[in-house]
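Indexing begins at 1, ligand by ligand and atom by atom, following the structure's order. As the structure is a computational prediction, the values presented were derived from the model and not from experiment.
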Amino acid sequence: MATGSEEERDGNGIHQTPLRIPELLYVSVKMENPNLALAGNLFPHVSCSSSLLGDSSEESKALSMERESASMWELSFVVPQYHEALDFKFLLKPKDINSPCFVEEGPSRVLIGGALQDGARLASFKIDNDQVVEYRVFVQASRVSSFDLAASWRAYKGHFHFSAVRGIPDVSINSELQAESESVSSVSLELDLEQYVVPAPSNLANTADVYAANMTENPRSLNSGSVSDSYSIGDDSVATDQPETEMEVNTLDPSMGYQSSGMVKSQSVGTISTLRKEDGQRVAFVDRGVGFPRIVKSSSFNIIDPSLDPDTKNSFPAAAGAVAAGAIADQMLGPKEDKHLAIVMVSLPARGKTFTAAKLTRYLRWLGHNTKHFNVGKYRRLKHGTNQSADFFRADNPEGMEARDEVAKLAFEDMITWMQEGGQVGIFDATNSSKKRRNMLMKLAEGRCKIIFLETICNDVDMIERNIRFKIQQSPDYAEVPDFEAGLRDFKIRVANYEKVYETVKEGSYIKMIDMASGRGGQIQVNNISGYLPGRIVFFLMNTHLTPRPILLTRHGESQDNVRGRIGGDTELSEHGEIYKQKLAKFVEKRLESERAASIWTSTLQRTILTAGPIVGFPKIQWRALDEINAGVCDGMTYEQIKKNMPDDYESRKKDKLRYRYPRGESYLDVIQRLEPVIIELERQRAPVVVISHQAVLRALYAYFTDRPLKEIPHMEVPLHTIIEIDLGVTGVQEKRYKLMD
Ligand SMILES: Nc1ncnc2c1ncn2[C@@H]1O[C@H](COP(=O)(O)OP(=O)(O)O)[C@@H](O)[C@H]1O
Ligand SMILES: O=P(O)(O)OC[C@H]1O[C@@](CO)(OP(=O)(O)O)[C@@H](O)[C@@H]1O
């Protein structure tokens with residue numbers, strides 16, 4: 001019971017001092033000026049004579065306000081609720097500390113009890129030539145207890161206290177680097193960015209133009225060459241991991257795909273078909289893979305390491321670190337059939353099965369898992385032709401059912417055979433929408449591989465309609481149907497035939513992606529999923545979505561070490577590099593002018609942080625994972641010096657650049673491994689990202705988006721002063737390159 005005195009007694013008669021929680025005011029003072037042209041290089045400060053704000057009456061001691069956004073600055077502090085009157089003024093300080101600062105016009109402001117006495121009048125400053133710059137002023141105060149403060153301080157320290165590298169904060173919103181924007185204006189960049197476009201080294205990145213099912217495995221029974229043969233294409237010197245896919249793409253002359261005649265004769269099968277636009281107009285149809293590619297058997301092909309060749313008997317991933325450790329643990333501890341994993345897609349047509357299967361294949365291959373995508377539709381087209389009407393897909397059509405089951409079995413058996421030859425993950429892409437079909441597959445898999453069903457469910461009718469329209473445009477099934485609307489009607493009847501017998505998955509191990517495509521909400525359900533790889537797959541799928549956005553990849557501006565030919569290091573930019581950073585800022589400003597949520601990612605090495613310096617208006621984040629390959633004891637040496645002083649190392653790297661690990665440093669496989677969280681975050685982001693990083697790192701990131709085999713990564717072209725734009729879209733990936741200077 002309260003005694004009315006300062007003290008109370010508890011149940012044991014012990015005197016206790018009641019806890020008095022002092023009331024405090026958390027005050028936030030803000031200034032806003034959207035006119036960056038006038039005030040961009042002036043930094044708002046507050047000067048106050050009270051000891052509560054640390055006596056900042058002298059201009060040199062004025063408290064700097066923090067940049068909250070491009071136009072808003074803030075200073076927050078805590079004072080007792082009943083504090084003395086605080087007299088203060090706003091100041092603008094130029095970046096150059098020797099130049100005079102500008103004090104706001106008019107009398108001092110008085111703050112009592114968290115409120116301004118004379119209202120929030122504008123803060124006006126007379127700067128050069130009597131030009132007046134005005135800021136809006138806002139003051140807000142809220143009562144907080146010291147406990148609240150302590151808790152929020154702990155949270156801040158624990159979670160949001162950013163570390164700094166050489167005094168540069170890990171995360172910044174254009175604070176101190178803002179002032180550089182002035183010098184940017186001295187470097188010119190044409191308004192029309194298209195002037196800087198240069199051709200990408202190949203058109204392989206443009207998967208958005210290609211129907212993903214056409215890029216999948218060809219039936220073995222219909223294949224001309226032995227699968228274990230080694231082939232290369234075009235440039236005979238390039239070794240590949242995915243023979244069929246690449247052969248198909250490379251047999252095409254990209255310029256032919258868009259001839260004005262509107263017709264292209266496919267070099268692979270000789271079928272002539274066209275890709276329809278919705279308005280009925282025909283454009284070229286790039287038929288990639290419904291047949292046999294022109295295969296050039298290479299004499300110079302040389303597989304660097306047997307474990308990197310998909311057709312050898314090796315079921316461990318060509319990977320480093322956690323990926324390798326996880327895979328090996330799973331294989332040693334799990335049952336024998338777990339050595340091979342079949343991801344069996346399930347859904348109605350046009351729900352993103354093939355798209356998801358292709359993306360997952362790309363991710364797993366990039367991590368080093370030997371993965372192949374088997375599309376039953378492709379088998380069906382080869383065996384029964386491309387012009388099957390909706391009737392073929394009726395569940396009460398016994399011939400159709402038998403034919404479809406037959407090609408499904410054929411594709412599944414091909415997948416198992418490939419696994420027995422060393423394949424790790426097979427992605428089996430068909431509707432598999434009835435329990436009976438899935439039971440058939442489970443029987444075929446018994447003792448041979450583990451099955452995880454991956455079901456994609458979409459309840460968004462507009463998205464389904466859009467998907468169906470894509471299918472009519474892209475699928476070879478409708479390539480020879482001249483009328484778009486007729487194709488649309490037929491496909492909708494086909495979907496209705498599937499709907500009649502569709503049974504959602506309730507058996508075995510499964511992952512269900514429900515309405516995940518928008519990237520907002522949705523659900524992932526998992527059942528009976530365990531192991532390293534299945535876990536990674538779930539995590540990857542959780543973070544993918546279809547929101548179109550660009551990812552801009554660029555190396556830092558040329559560094560002083562680049563000029564001297566030294567690898568690694570942490571030097572500043574050369575003169576050329578200085579110009580590039582300014583051009584890049586202008587480029588980003590133009591390219592992303594309407595993209596408010598974009599962000600700039602750099603490594604923690606100063607050549608990338610300095611390159612990002614003049615970019616304004618976007619948050620900048622430093623990732624250690626984006627640091628250049630660690631050259632270990634060779635850091636700072638030239639390639640010539642390594643050749644002379646460490647000839648064995650030089651030769652080993654030349655022989656196997658992917659796996660070679662610098663003494664006390666990293667290999668390319670190590671770099672790929674540490675980039676996985678970057679890939680996941682890039683997939684998860686819904687806004688554009690500019691990645692300013694290094695040669696080896698960008699090679700690895702680029703290979704992921706363009707689905708290039710691991711062994712090509714160390715040899716890819718990622719030139720300085722060039723921006724590689726990767727556009728992630730609803731049908732796939734497209735690449736564009738801009739070269740801003742030599
Ligand atoms: N999870 C998803 N849900 C809905 N639509 C998706 C999903 N993933 C991709 N898509 C979209 O579906 C379109 C058609 O996908 P596709 O993979 O050909 O369908 P399916 O193989 O199921 O017939 C793709 O171009 C893509 O834009
Ligand atoms: O793997 P290689 O072809 O050596 O390329 C990676 C090298 O690229 C360099 C330049 O030679 O990158 P960076 O431009 O980021 O400095 C080296 O630092 C790095 O060791």
inquiry  = Applying side chain to side chain contact (heavy atoms under 4.5 Å, CB included) to Q420 and R448, what does each step give before you reach the verdict?
reply    = CA-CA 8 Å; Q420 286 162 351; R448 308 205 279 180; 3.8 Å; yes
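- Below 30°, between 30° and 60°, or above 60°: for Y704 and Y363 the angle between ring planes is above 60°, a perpendicular geometry.
- Of the possible donor and acceptor atoms, none in the side chain of E683 sits under 3.5 Å from a partner among the backbone N and O of T544.
- Between E593 and K590 there is no salt bridge, since no side-chain nitrogen of the basic residue lies less than 4.0 Å from a carboxylate oxygen of the acidic one.
- Closest heavy-atom approach to atom 6 (C) of ligand 1 within the set A357, G732, G522, G352: this belongs to G352.
- With sequence neighbours excluded, no residue satisfies side chain to side chain donor-acceptor pair (under 3.5 Å) with Y510.
- Each of the atoms 24 (C), 25 (O), 26 (C), 27 (O) of ligand 1 lies under 4.0 Å from some heavy atom of V730.
- Among T431, V346, N467, the residue whose heavy atom lies closest to atom 12 (O) of ligand 1 is N467.
- Here's the thing with M513: none of its N/O atoms is less than 3.5 angstrom from an N/O atom of ligand 1.
- Taking only nitrogen or oxygen atoms, main chain and side chain alike, R351 reaches within less than 3.5 Å of ligand 1.
- Below 4.0 Å from some heavy atom of P349 lie the following atoms of ligand 1, by number and element: 23 (O).
- Polar contact check, A350 against ligand 1: a nitrogen or oxygen pair lies under 3.5 Å apart.
- Checked against a 3.5 angstrom limit, the closest N/O atoms of F355 and ligand 1 fall inside it.
- Only the side chain of M463 comes within contact range of ligand 1, with a heavy atom under 4.0 Å; no backbone atom does.
- With sequence neighbours excluded, the residues that form a side chain to side chain donor-acceptor pair (under 3.5 Å) with D515 are N459.
- Here L546 has side-chain heavy atoms under 4.0 Å from ligand 1, and that is the only part of it that gets that close.
- Of all the heavy atoms in I472 and G487, the pair that sits closest is CD1-O, 3.6 Å.
- Cation-pi geometry between R737 and Y702 is met: the NZ or CZ atom falls under 6.0 Å from the ring centre, inside 45° of the normal.
- Contacts with ligand 1 closer than 4.0 Å are made by side-chain heavy atoms of K471 only, the backbone lying farther away.
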